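Presented below is the structure to which this report refers.
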Amino acid sequence: MNRNMAKNYDPKDFEDRIYEMWESSGAFRAERDPEKKPFTIVMPPPNITGQLHMGHALDQTLQDVLTRFRRLQGYSALWLPGSDHASIATEVKVVDRIREEEGKEKEDLGREEFLKRAWQWKKEFGGKITKQCRKLGDSCDWDRERFTMDEGCSKAVNHFFVQLYNKGLIYRGNRLINWCPQCGTSLSDAEVEHEDKNGYYWYFRYPGADGSEGIVVATSRPETMFGDVAIAVSPEDERYRDMVGKTVILPLVNREIPVIADPYPDPEKGTGAVKITPAHDENDFQVGQRHGLENLCCINEDATMNDLAGKYAGMDRYECRKAWVKDLEDGGYLVKTEEMVIPVGECYRCHTVVEPMLSDQWFVRMEELAKPAIEAAKNGTLRHVPDRFEKVYLHWLEEIRDWCISRQLWWGHRIPAYYCEDCGELMVCEEAPQTCTKCGSSRIRQDEDVLDTWFSSALWPFSTLGWPEETEDLKYFYPTDVLVTGYDIIFFWVVRMVFSALETTGEVPFHDVYVHGLVRDEQGRKMSKSLGNGIDPLEVINQYGADALRFMLTTGITPGNDMRFKKDRLEAARNFANKLWNASRFVLMNLDEDGVEEVDPALWKDEDKWILSRVNDAVRYVTETMEKYDLALAGQRVYDLIWNEYCDWYIEIVKERLYGDDEQDKKTAQYVLVRALRDMLTLLHPFMPFITEEIWGFLPGQAEERDNADSYLIRAKWPVYDENLTYPEEVRCLEMAMDIIRSIRNIRAEAEAPSGKKLRAIVLCNKDKEPVARAGERYVRTLANLTELTFIGDKSEVPEEVMSAVVDGAEVFVPLDDLMDYEAELGRLQKEKKRLEGEVRRVDGKLSNQGFLSKAPAKLVDEEKAKKVRYEEMLDKVNQRLALVEKKIGG
RNA sequence: GUUCCGUUAGCUCAGCUGGGAGAGCGAUUGGGUCACAACCAAUAGGUCGGCGGUUCGAGCCCGUCACGGAACACCA
C-alpha cells in the first residue's frame with residue numbers, strides 16, 4: 001500500500017497524469033442513464049483560429065465547476081465541447097498563408113482549391129485550443145466533440161435555412177447593409193462597433209436652380225455627395241418653407257436635386273437641412289423610400305469612388321474626400337468647417353471603418369422570431385444570472401432589425417440557394433437540385449455567398465445533439481441546463497440561439513444563462529493583443545498549477561462583473577493547495593497500517609462532533625450556493641473550512657490523541673480526520689479537481705482501488721446535509737475553549753512573553769458555564785501552551801500578580817511572574833472596557849427603543865436582551881480588574 | 001442621448017431576501033513547535049462616495065448629486 005505523499009506539493013507531478021487517468025477511464029463520458037437526471041452544458045465553441053486566453057480559462061472553468069458539481073451529485077453530466085469555424089477570421093488567416101507561402105491571392109486558386117487549403121489549415125491548427133483545455137482540467141465528453149462545419153452541423157444549417165425560407169422568414173433583398181472594405185464582405189449590425197473619432201462638419205452651399213442662394217448643408221462625409229438625390233428639411237421649419245418643392249444644384253457636379261419636406265430632419269441639428277444619400281446612409285435610405293427617390297451608389301466595394309464621382313473615380317474614399325473638399329472650397333461652396341467628434345462604425349474584426357452600402361443580400365426577418373424569445377425571458381422560462389442581463393437581452397430583441405446573414409466569403413456554410421442559368425428561377429433546398437424545377441434546365445448555379453458564422457452557432461445547443469434528427473441524445477440531454485458565457489457575446493450568440501431554438505425545437509435551448517465578466521490585467525485594462533498585456537493561462541498553469549488558476553478565477557468574482565488578474569490572489573490559491581496538501585499528508589502519516597474503521601458516535605469526543613458538524617454545515621451552504629451559481633461564496637466557504645477550522649483548530653486539538661496511548665481514542669481521531677477530509681475533498685473537487693483527486697487516491701481504501709475508475713473522486717458521491725449531525729452542546733464547548741485560548745495567546749503577545757515559554761493559567765467561570773469550560777480543559781492546556789490550568793470557584797483565590805481577560809462566561813488569569821507588566825495590562829483592560837461599553841451602549845439603544853421592542857421579531861429582541869446581560873457582566877469584571885491594576889500602579 | 005455597473009481597511013475585492021462591518025495581500029510584533037516559513041500566533045487599519053428619504057433599525061431599499069467604467073444609439 002502506498003501512502004506516501006510527496007513531501008512537497010508540486011502540481012506538475014500529477015496534473016497531467018490525473019487528467020490522462022480520467023480521460024482514458026471514460027470518466028468524462030455522459031451516458032443516457034434512465035436512472036439518472038441529465039445535466040447538460042454545451043461549451044461555447046472557441047474559434048479554430050484562436051489560442052487559449054484568460055477569457056476561455058474563466059469561461060471554461062466555470063462550466064467545469066458546474067459540470068463536476070452535478071456529476072458528483074449523481075446527474076448524468078454532459079459537457080459537450082467543440083469549436084467554431086470562424087468564417088472571417090479563418091479566411092483571413094488562410095488568405096495570408098497562401099499569399100506568404102505561394103505568393104498567390106485566393107482568386108488565383110479558385111474556390112475549390114482555396115477550400116482545400118482552408119480545411120488543411122483547420123486540420124493543422126484547429127485542435128489547438130481543445131488540446132489546451134485539457135491542461136485546465138476540463139471534464140468535457142471528448143467523444144462528443146463537434147465542429148460547426150462538420151457534416152451534422154452543416155446539415156442542421158441547411159435544414160434550418162430551408163425551414164425559415166419556406167416560412168417566409170428568410171428573404172433576399174436589396175437593402176442598406178454594413179460593408180467592410182477590408183474584409184470584402186457585408187456584416188450584421190452586431191458586427192459593427194461604434195467608436196468616436198475626431199472629424200469635421202463641412203458646411204456646403206447647394207445653390208438654388210433658380211439662381212437663388214439655395215441651402216447650406218453640413219456633412220462629415222463629403223465624398224458621398226455624389227450620391228445625393230435630394231435635400232430634406234422639416235415641414236415645420238420656417239426657414240426652408242419656401243424652398244420645398246424647388247430644386248438646388250449639386251455643387252460642381254451640376255446635377256439638379258429636389259428639396260423635399262420630411263419629418264426626419266431635426267431643425268435643431270446642423271443647419272436643419274439634410275442631404276439625402278439613400279445608397280450610403282440608413283436614415284437617408286428610408287427617406288428615399290418614402291419619397292420614391294433613386295438610389296445612387298458612388299463608392300465601390302473596395303472603398304474607391306466609382307464613375308459617379310467623375311474625375312475622382314478610382315480614388316480611395318478618404319483621398320477623394322480631401323481633394324473634393326479642396327475643390328469645393330476653391331469653387332466657393334465651402335461656408336465653414338467645424339471640428340467635431342464623429343461616431344463611426346468599425347468592423348469588429350479588422351477595425352476598418354464600415355461603409356453603409358446598398359447591396360443584394362440574404363436577410364432573416366426578425367420581427368416574428370423575436371416575439372417568443374422575448375416571451376421566454378418575460379415568463380421566466382429563460383433566466384439570466386445575474387438577472388440584470390435580462391434587460392440587455394430584451395432591449396436588443398425589442399429593437400432588433402432584420403439580420404443580414406450572407407457573407408461574401410468562401411470559408412463557411414454556402415447558402416443553399418440555387419439559380420437556374422436559363423430561366424432565372426430561384427430554388428432553396430437542402431440538397432443541390434439537378435434540374436430546374438421550372439424549366440427543367442440542368443444549368444444550375446449555387447449562390448456564391450456563405451452564411452454568417454453566427455448562423456451556425458445559433459444552432460449549437462441542438463445541432464450538436466443531432467438535430468434535425470430525433471436522436472436519443474437530443475431526447476435525453478436537450479434542452480440544456482445552463483449556458484455560460486461573457487456579457488460581450490449576448491447579442492451575437494445568446495439571443496440568436498434562443499430564437500432559433502424556439503423556432504426549431506419549440507423549447508428554450510437552456511434554462512439559465514450564467515453571464516460572467518471579463519478578465520482584466522492588474523491595472524484593470526482589457527487584455528488585448530495590441531496592448532500585449534494578455535496573460536497566457538498555460539504559463540500560469542506551468543508556474544502555479546491548474547488548480548490554483550481555477551480557484552483564483554472562480555472565487556475572485558461576482559457574477560456578471562469583471563475581475564482583475566492579480567498575482568497575489570493566484571499565490572494565495574496556490575498556498576491554499578499547498579496547505580491542503582500538507583494537512584492531508586499529516587493525516588495520512590498518522591494513520592495505522594490497516595487503515596481506518598468506522599467508529600461509533602458514542603465514542604466521539606467533543607472536538608470530533610464539532611468538526612463534523614462544521615463540515616456538515618458547510619455541506620449545506622456549499623450545495624445551496626452552488627445551486628444558485630454563487631460559486632465564489634461556495635469556494636470561499638470550503639477554503640475557510642479547510643484552513644481555519646480543520647487545519648488551525650481540529651488538527652491541532654487532535655494531535656495529542658494521535659500521539660497518546662489510548663488506542664481506541666487514537667482510532668477515533670483517525671477516523672474523524674479521514675471522514676472530514678473525505679467530505680472536504682469532495683466539496684473542493686469542482687474547484688480544484690487535480691489535487692483533490694490525487695489526495696483521494698491516497699486515502700485508506702482507495703489505494704487498492706486505483707485501477708477501478710468508479711472509485712475516483714470525480715465519480716464520488718456529493719455529501720448530503722445530515723440533520724442529525726448537529727451538536728450544539730459540543731460546539732458551544734469548543735467555542736468557549738477557543739475563546740479562552742485566544743485570550744491567553746493575546747495576553748502572551750501583549751506581555752511580550754515568548755510564545756515558546758510555558759505559562760500557567762487560571763480560569764474563574766460562572767457556575768453554569770463551569771462544566772462546559774472544564775470539558776475544554778484539554779484543548780486549552782495544549783493550544784495555549786500551558787504547564788498548568790486550574791479552575792477556581794471564587795474570586796478570592798485569584799493571585800495578585802496576574803494579567804487577565806474576560807470572555808463570555810469566564811475570567812482568565814495568567815500569572816506572569818517576573819514578566820508581569822502592569823502597563824500592558826492596563827492598556828489591555830482599557831481597550832477591552834471601551835469595546836464592551838460600546839457594545840452595551842448599542843444594545844441599550846436598541847432595547848430602549850419602543851419601536852424596536854414592538855416591531856422587531858421577538859427572537860431578535862430576546863437575543864439582544866441576552867447580549868445585554870452578557871456584556872454588562874463582562875464589563876463589570878473588567879472594571880473590577882481595572883480598579884485593581886490602577887491601584888497597583890498608583891501605589 | 002438611453003440603459004446598466006461600480007464607489008466598503010493602504011491595495012484587490014466579498015458581504016445571500018434590511019437586524020452586531022469580512023477575506024486575501026500589504027503593515028506591525030513574536031515564533032526554526034516533529035503536516036506546512038507556500039507556515040504559526042497576535043495586533044493595528046473602515047462616519048461602507050456626498051446629501052436627503054423610507055424603516056424600530058440602512059453598506060444593503062427609494063430619490064438626488066459627484067466621480068470612475070461599460071453597453072446600445074448617433075457620421076446633419
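Quick note on labels: first sequence line is chain A, next is B, and so on, each numbered from 1. Given the structure is predicted, the values throughout are model-derived calculations rather than measurements.
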**Q.** Residue-level proximity of residues 620-634 of chain A to RNA chain B when a heavy atom falls under 4.0 Å
**A.** A:Lys628, A:Leu633

Q: Would you classify A:Lys868 as touching base, sugar-phosphate or nothing, given that sugar-phosphate means primed atoms plus P, OP1 and OP2, and contacts are heavy atoms under 4.0 Å?
A: nothing

Q: Could you tell me whether A:Phe389 contacts a base, only the sugar-phosphate backbone, or nothing, with contacts defined as non-hydrogen atoms closer than 4.0 Å?
A: nothing

Q.
Any base atoms under 4.0 Å from A:Asp281, or only sugar-phosphate, or nothing? Heavy atoms, all strands.
A. sugar-phosphate

**Q.** Nearest-0.5 Å distance, CG of residue A:Leu580 to CG of residue A:Leu681
**A.** 6.0 Å

Q.
Between A:Thr277 and A:His280 (side chain of the first, backbone of the second, donor and acceptor by atom type, cut-off under 3.5 Å), is there such a pair?
A. no

Q: Using a 4.0 Å heavy-atom cut-off, write out nucleotides 21-28 of chain B from 5' to 3' as B (base contacted by protein), S (sugar-phosphate only) or - (no contact).
A: --SSS---

Q. How would you label the contact of A:Tyr659 with the nucleic acid (heavy atoms, under 4.0 Å): base, sugar-phosphate, or nothing?
A. sugar-phosphate

Q. Distance between the P atoms of B:G10 and B:G49, in whole angstroms?
A. 13 Å

Q. Do the charged groups of A:Glu750 and A:Arg828 touch, with an N to O distance under 4.0 Å?
A. no

Q.
If the condition is salt bridge (Lys or Arg N to Asp or Glu O under 4.0 Å), which residues does A:Lys579 pass it with, not counting sequence neighbours?
A. none

Q) How long is the gap from OG1 on A:Thr623 to CD on A:Glu627, to the nearest 0.5 Å? A) 6.5 Å

Q: Name the pairing partner of B:A14, where a pair is Watson-Crick or G-U wobble with both distances under 3.5 Å, or state none.
A: none

Donor-acceptor contacts, no H, no angles, side chain residues 519-526 of chain A, under 3.5 Å, sequence neighbours left out:
residue	atom	partner	partner atom	Å
A:Arg520	NE	A:Asp562	OD2	2.8
A:Arg520	NH1	A:Gly524	O	3.1
A:Arg520	NH2	A:Asp562	OD2	2.9
A:Asp521	OD1	A:Gln523	N	3.0
A:Asp521	OD1	A:Gly524	N	3.0
A:Asp521	OD1	A:Arg525	N	2.8
A:Asp521	OD2	A:Arg525	NE	2.8
A:Asp521	OD2	A:Arg525	NH2	2.8
A:Asp521	OD2	A:Asn533	ND2	3.0
A:Glu522	OE2	A:Lys567	N	3.4
A:Gln523	OE1	A:Arg525	NH2	3.3

Q.
When you measure only distances, ignoring hydrogens and angles, does the side chain of A:Glu652 come within 3.5 Å of the base of B:A35 through a donor and an acceptor?
A. yes

Could you go through nucleotides 1-3 of chain B and list every protein N or O atom that sits under 3.5 Å from one of its N or O atoms, giving the distance for each pair?
residue	atom	partner	partner atom	Å
B:U3	O3'	A:Lys391	NZ	3.2

Q) Using purine N1 to pyrimidine N3 plus N6-O4 or O6-N4 for Watson-Crick, or N1-O2 and O6-N3 for G-U wobble, each under 3.5 Å, what pairs with B:A66? A) B:U7

Q: Using a 4.0 Å heavy-atom cut-off across all strands, classify A:Phe491 as base, sugar-phosphate, or nothing.
A: sugar-phosphate

Q: For the residue pair A:Trp649 and A:Leu783, establish whether any side-chain heavy-atom pair is separated by less than 4.5 Å.
A: yes

(Q) Mind checking if A:Val217 touches a base, just sugar-phosphate, or nothing, with heavy atoms under 4.0 Å? (A) nothing

Distance-only criterion, 3.5 Å: show the donor-acceptor pairs between side-chain atoms of residues 199-206 of chain A and protein atoms not counting sequence neighbours.
residue	atom	partner	partner atom	Å
A:Tyr203	OH	A:Glu338	OE1	2.6
A:Arg205	NH1	A:Glu213	O	3.2
A:Tyr206	OH	A:Asp228	OD2	2.6

Q) Taking any strand in view, what nucleotide pairs with B:C39 in a Watson-Crick or G-U wobble way, both distances under 3.5 Å? A) B:G31

Q: With A:Lys655 as the cation and A:Phe586 as the aromatic partner, state whether NZ or CZ is under 6.0 Å from the six-membered ring centre and within 45° of the axis.
A: yes

Q.
Syn if the chi torsion is within 90° of 0, anti otherwise; quick check, which is B:G45?
A. syn

Q: With heavy atoms under 4.0 Å as the rule, sort A:Thr219 into base, sugar-phosphate or nothing.
A: sugar-phosphate

**Q.** A:Tyr646 to A:Ala676 - nearest heavy-atom pair and separation
**A.** CE1-CB, 3.7 Å

